Amino acid sequence: MMYDAIIVGGGPAGLSAALALGRARKHVLLLDGGPRRNMAALKVHNFVTRDGVAPDEFRRIGREQLAHYPKVEVRDAIVESISGVCGAFQVALAAGPVNARRILLCTGMVDEMLPIPGFAQLWGHAIYQCPYCHAWELQDRAWGYLVHPAHAHMLLTFALQARGWTSDLTVYTNNAFDLPAETSRVLEEAGIRLETAALTRVVGTGHQLESIELASGERVACVALFVHPPQHQTRLIQALGLALDDQGYVSFDPMKRETSVRGIYAAGDLTTRMQGAIHAAAAGAHAAAMLNAELTSEMILKRTV
Ligand SMILES: Cc1cc2nc3c(=O)[nH]c(=O)nc-3n(C[C@H](O)[C@H](O)[C@H](O)COP(=O)(O)OP(=O)(O)OC[C@H]3O[C@@H](n4cnc5c(N)ncnc54)[C@H](O)[C@@H]3O)c2cc1C
């Protein structure tokens with residue numbers, strides 16, 4: 001059996017791509033190995049028609065809608081490797097290999113937990129990356145913004161934006177980099193506190209954050225901490241040797257969404273820092289349409305359809 005396309009990853013990008021390809025009458029296999037990136041989150045926000053739905057429910061609805069399309073198959077399986085060339089890819093699974101003419105990668109990214117005691121336990125519960133996903137519920141409360149040195153250049157952009165949700169905002173640099181005097185001046189003018197000392201831990205009870213503890217032992221009240229931790233690609237993507245951009249995201253042709261390897265397309269978090277379920281879903285639909293256009297012309301001209 002040769003599938004028209006195998007989609008790796010069953011998050012918003014993969015589900016959306018499978019829907020588009022199913023509606024285009026293609027034989028599609030969607031493989032998802034779990035866990036999902038927003039594993040710790042209780043709700044998905046900022047997705048019109050699905051605002052506030054539980055992430056598992058989001059995926060359940062996605063799979064339910066795919067079940068209407070007889071040529072779409074969904075399997076819970078981890079892709080171990082991908083080999084072959086455009087038109088004849090082999091995808092290795094524990095249950096045995098499967099074959100496809102095209103591959104669409106929707107594997108998301110892996111967030112790296114910062115080595116601050118308490119960080120991993122509170123990630124997704126009180127420590128977040130995206131204010132559009134979580135800020136509304138926490139507006140006007142005590143917030144922190146912990147700036148990773150790799151993102152020092154966007155400190156002001158993010159801090160001033162966050163100030164729109166709360167007037168109680170502290171920026172933490174964790175003694176990791178120096179701030180230009182002009183940046184400190186703008187923060188002060190915007191009513192944003194600056195704390196340059198090292199963080200020793202985040203203090204909370206259960207999934208509730210209460211304060212940020214500094215090297216001096218001082219604790220600063222905080223119920224929500226925003227941070228953009230480093231991310232890396234999954235092992236599968238690393239092993240494929242695709243071209244990556246300077247931030248480590250998979251490079252792709254902006255129109256076709258094809259990667260540096262012919263016949264392998266990519267959509268969702270693995271391609272961009274602009275991460276969110278609705279962005280990933282839109283990218284999945286885009287990639288599916290491009291993949292379908294290219295594959296269908298080939299099949300029509302070779303008379304294989
Ligand atoms: C804590 C947290 C909360 C968030 N809250 C929100 C929110 O409220 N609203 C919002 O819009 N966004 C939210 N996001 C961001 C959102 O989760 C992502 O932008 C979105 O899930 C990206 O979709 P994706 O399809 O690209 O990847 P993912 O959703 O990460 O899906 C990728 C899938 O691929 C699978 N996979 C990976 N490798 C393999 C393999 N080798 N074989 C098979 N399967 C594989 C993974 O298991 C996973 O299921 C949140 C993120 C985090 C971390």
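All values derive from a computational prediction rather than experimental measurement. Atoms within each ligand, like the ligands themselves, are counted from 1 in listed order. Atoms considered below: every heavy atom in the structure, side chains included; atoms not considered: hydrogens, waters and symmetry mates.
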>> On a heavy-atom basis, I'd like to know which of A41, A77, G11, P12 is closest to atom 21 (O) of ligand 1.
In response: P12

>> Which residue and atom name correspond to the protein heavy atom nearest atom 31 (O) of ligand 1, and how close is it?
In response: R59 NH2, 3.4 Å

> Quick one: nearest non-hydrogen protein atom to atom 16 (C) of ligand 1, plus distance?
Replying inline: A277 N, 4.1 Å

> Any side-chain donor paired with an acceptor under 3.5 Å for Y132 and Q161?
Replying inline: yes

> Is it the side chain, the backbone, both or neither of F47 that has a heavy atom closer than 4.0 Å to ligand 1?
Replying inline: neither

> In terms of residue, atom name and distance, what is the protein heavy atom nearest to atom 48 (C) of ligand 1?
Replying inline: D32 OD1, 3.5 Å

> Got a sec: does the CZ of R201 have more than 12 other heavy atoms crowding it under 6.0 Å?
Replying inline: yes

> Can you check whether L114 reaches H148 side chain to side chain, under 4.5 Å on heavy atoms?
Replying inline: yes

> Which one of G124, A280, P55, C133 has a non-hydrogen atom at the shortest distance from atom 7 (C) of ligand 1?
Replying inline: C133

> Is there a heavy atom of H279 sitting under 4.0 angstrom from any atom of ligand 1?
Replying inline: no

> Taking atom 32 (C) of ligand 1 as the point of reference, which of S81, C106, A281 owns the nearest heavy atom?
Replying inline: C106

>> Just verifying a value: how many Å separate I61 CD1 and L66 CG, rounded to the nearest 0.5 Å?
In response: 12.0 Å

> How close does the nearest protein non-hydrogen atom get to atom 27 (O) of ligand 1, and which residue and atom is it?
Replying inline: G108 CA, 3.6 Å

> Which protein non-hydrogen atom lies closest to atom 9 (N) of ligand 1, naming both residue and atom, and how far is it?
Replying inline: H45 O, 2.8 Å

> Could you state the interatomic distance from CG (L122) to CD1 (I116), rounded to the nearest 0.5 Å?
Replying inline: 11.5 Å

> Any side-chain heavy atom of V98 sitting closer than 4.5 Å to one from I6?
Replying inline: yes

>> For atom 26 (O) of ligand 1, tell me which residue out of L270, D269, I78 has the closest non-hydrogen atom.
In response: D269

>> Heavy atoms only, cut-off 4.0 Å: how does H134 contact ligand 1, side chain, backbone, both, or neither?
In response: side chain

> Just which atoms of ligand 1 are under 4.0 Å from any heavy atom in V44?
Replying inline: 8 (O), 9 (N)

> Angle class for the F226/W143 ring planes (parallel below 30°, perpendicular above 60°, tilted otherwise)?
Replying inline: tilted

> Just heavy atoms, cut-off under 4.0 Å: does K43 contact ligand 1 by side chain, backbone, both, or neither?
Replying inline: backbone

>> Exactly one of K71, R101, K26 should register a salt bridge (charged side-chain N to carboxylate O under 4.0 Å, His left out) with D4. Which one does?
In response: R101

> Which atoms of ligand 1 are found less than 4.0 Å from any heavy atom of Q275?
Replying inline: 19 (O)

> With a 4.0 Å cut-off on heavy atoms, does W123 reach ligand 1?
Replying inline: yes

> Counting from 1, what ligand 1 atoms have a heavy atom of D111 closer than 4.0 Å?
Replying inline: 53 (C)

>> Closer than 4.0 angstrom, basic N to acidic O: yes or no for K43 and E137?
In response: no

> Honestly, is R257 close enough over Y265, meaning NZ or CZ under 6.0 Å from the six-membered ring centre and within 45° of the axis?
Replying inline: no

>> Considering V53, L15, T107, T272 one by one, which has a heavy atom nearer to atom 39 (C) of ligand 1 than any of the others?
In response: T107

> With the threshold set at 4.0 Å, does a side-chain nitrogen-carboxylate oxygen contact exist between E188 and R185?
Replying inline: no

> So which protein heavy atom does atom 44 (N) of ligand 1 come closest to, and at what separation?
Replying inline: G33 N, 2.8 Å

> How far is atom 14 (N) of ligand 1 from its nearest protein heavy atom, and which residue and atom is that?
Replying inline: Q129 NE2, 4.0 Å

> Under 3.5 Å, side chain of S297 to main-chain N/O of A293, donor-acceptor pair present?
Replying inline: yes

> Nearest non-hydrogen atom to atom 42 (N) of ligand 1 belongs to which of V79, V91, T271?
Replying inline: V79

>> Among all protein heavy atoms in this structure, tell me which lies nearest to atom 30 (O) of ligand 1, with the distance rounded to 0.1 Å.
In response: R37 CB, 3.1 Å

> Just by modelled atom types, is the A88 backbone N or O under 3.5 Å from a matching donor or acceptor in the Q90 side chain?
Replying inline: yes

> Are R193 and E195 ion-paired here, with the side-chain N under 4.0 Å from a carboxylate O?
Replying inline: no

> Which ligand 1 atoms are under 4.0 Å away from a heavy-atom of G268?
Replying inline: 26 (O)

>> Please find the pair of heavy atoms, one from M154 and one from Y145, that lie closest to each other, and give the distance.
In response: O-OH, 4.0 Å

>> Can you name the atoms of ligand 1, numbered from 1 with element, that are less than 4.0 Å from a heavy atom of A13?
In response: 25 (O), 26 (O)

>> List ligand 1 atoms under 4.0 Å from L236, heavy atoms only on the residue side.
In response: 41 (N)

> For ligand 1, which atoms have a heavy atom of V8 less than 4.0 angstrom away?
Replying inline: 40 (C), 42 (N), 43 (C)

